[in-house]
Amino acid sequence: MISWGVVATAMAFVNSVEMFYALRFLLGVAEAGFFPAVIYYFSRWLPDSHRGRATSIFLMGSGTATVIVGPISGALMEMHGIWGHAGWQWMFFVEGVFSVVLGFVVYRFLDSGVEQATWLTDEEKSGLVAAIDAEQDERDARRGEKAARVSRWKLLADPQMLLFLWIYFAIGLLTAVPWLCALVALFVSGRVSDRIGRRRPVLVVLLLLGGCGTLLAVFVSPWVGLGALCLAAMGFKPASPVSGRSRRATWTPGPRPPASG
């Protein structure tokens, strides 16, 4: 969390494309370990019968953060011009520093394991540790001693791990397809509306296309549904710029200046 906050704070001082890409890469590096570390942390605190609800509560944090941080980010953007800095710089700086401070607070007050928890009785500690260790011993027995000692490098080459990585990558790739179609539709709809000089018919067609695509995606197979989502994106995304002007602007030349001499 601290490294994440440091990189986010540094984003406020971006002044080149190269610096932007470098910091975005480092932000991904800092962020990548956060979620698996939390899940591992849960495994050292809770038996399997309670981890599902704990993980659900943890994931609720991202949704809650969106609700809370959205208005805060908007307010920070309004600080545009203060001390000569843009609003987006204030947003990255304040939120990044807050994450760093929160990281140190968590490090100070969060117990590393069950044994360090002063708010549990000795009986509760021993009961939790025994339940967690028993589950771990059972998993090790199922996998066998050899599987329990697999190196990190071999784990990265594990077929199941590679399959999970491919699934995650493929999902991200598929989500990009509708927006690529929307880019094409944006370009085409803008040219068509300018050429015919009538934006209202183009807007109606786009909205119908978006609505039909969204409705169709509910009732068809996943692959056909992806095509339907492409149609929806091609309708709704270009509708916004087309609706910005209700009629074609015309240019009328002014009077010519009188001839000299």
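Between S99 and V6, the closest side-chain pair of non-hydrogen atoms is not below 4.5 Å. Taking 4.5 Å as the limit, every side-chain heavy atom of V94 sits out of range of all side-chain heavy atoms of I72. Residues L203 and R200 are not in side-chain contact: their nearest non-hydrogen atoms beyond the backbone lie 4.5 Å or more apart.
The structure places CD1 of I132 at 12.0 Å from CG of D137, a figure rounded to the nearest 0.5 Å. How far NZ of K237 is from SG of C181: 14.0 Å, rounded to the nearest 0.5 Å. The distance from atom OG1 of T9 to atom CD of Q89, rounded to the nearest 0.5 Å, is 12.5 Å. Atom CG of D158 is separated from atom CG of L163 by 10.0 Å, given to the nearest 0.5 angstrom. To the nearest 0.5 Å, atoms CZ (R44) and CG (D111) are separated by 15.0 Å. Here W179 contributes atom CH2 and L186 contributes atom CG; the two are 9.5 Å apart, rounded to the nearest 0.5 Å.
A donor-acceptor pair is defined here as one N or O able to donate and one able to accept, closer than 3.5 Å; such a pair exists between the side chain of Q116 and the backbone of G113. Put simply, the side chain of W4 never gets that close to the backbone of F34: no donor and acceptor are under 3.5 Å apart.
Other residues, nucleotides and ligands contribute over 12 non-hydrogen atoms within 6.0 Å of the CZ atom of F58. For F42, the CZ atom sits in a packed shell: over 12 heavy atoms of surrounding residues, nucleotides or ligands are nearer than 6.0 Å. Counting non-hydrogen atoms of other residues, nucleotides and ligands closer than 6.0 Å to CZ of R51 gives a total above 12. Within 6.0 Å of CD in Q160 there are 12 or fewer heavy atoms belonging to other residues, nucleotides or ligands.
Screening L206, T214, L231 for a side chain to side chain contact (heavy atoms under 4.5 Å, CB included) with F236, the sole residue that qualifies is T214.
For residues 69-80, the pairs satisfying side chain to side chain donor-acceptor pair (under 3.5 Å) are S73-E95, with sequence neighbours left out. Residue pairs meeting the ring pair (Phe, Tyr, Trp, His ring centres under 6.0 Å) criterion with at least one partner in residues 105-137, sequence neighbours excluded, are W45-W119.
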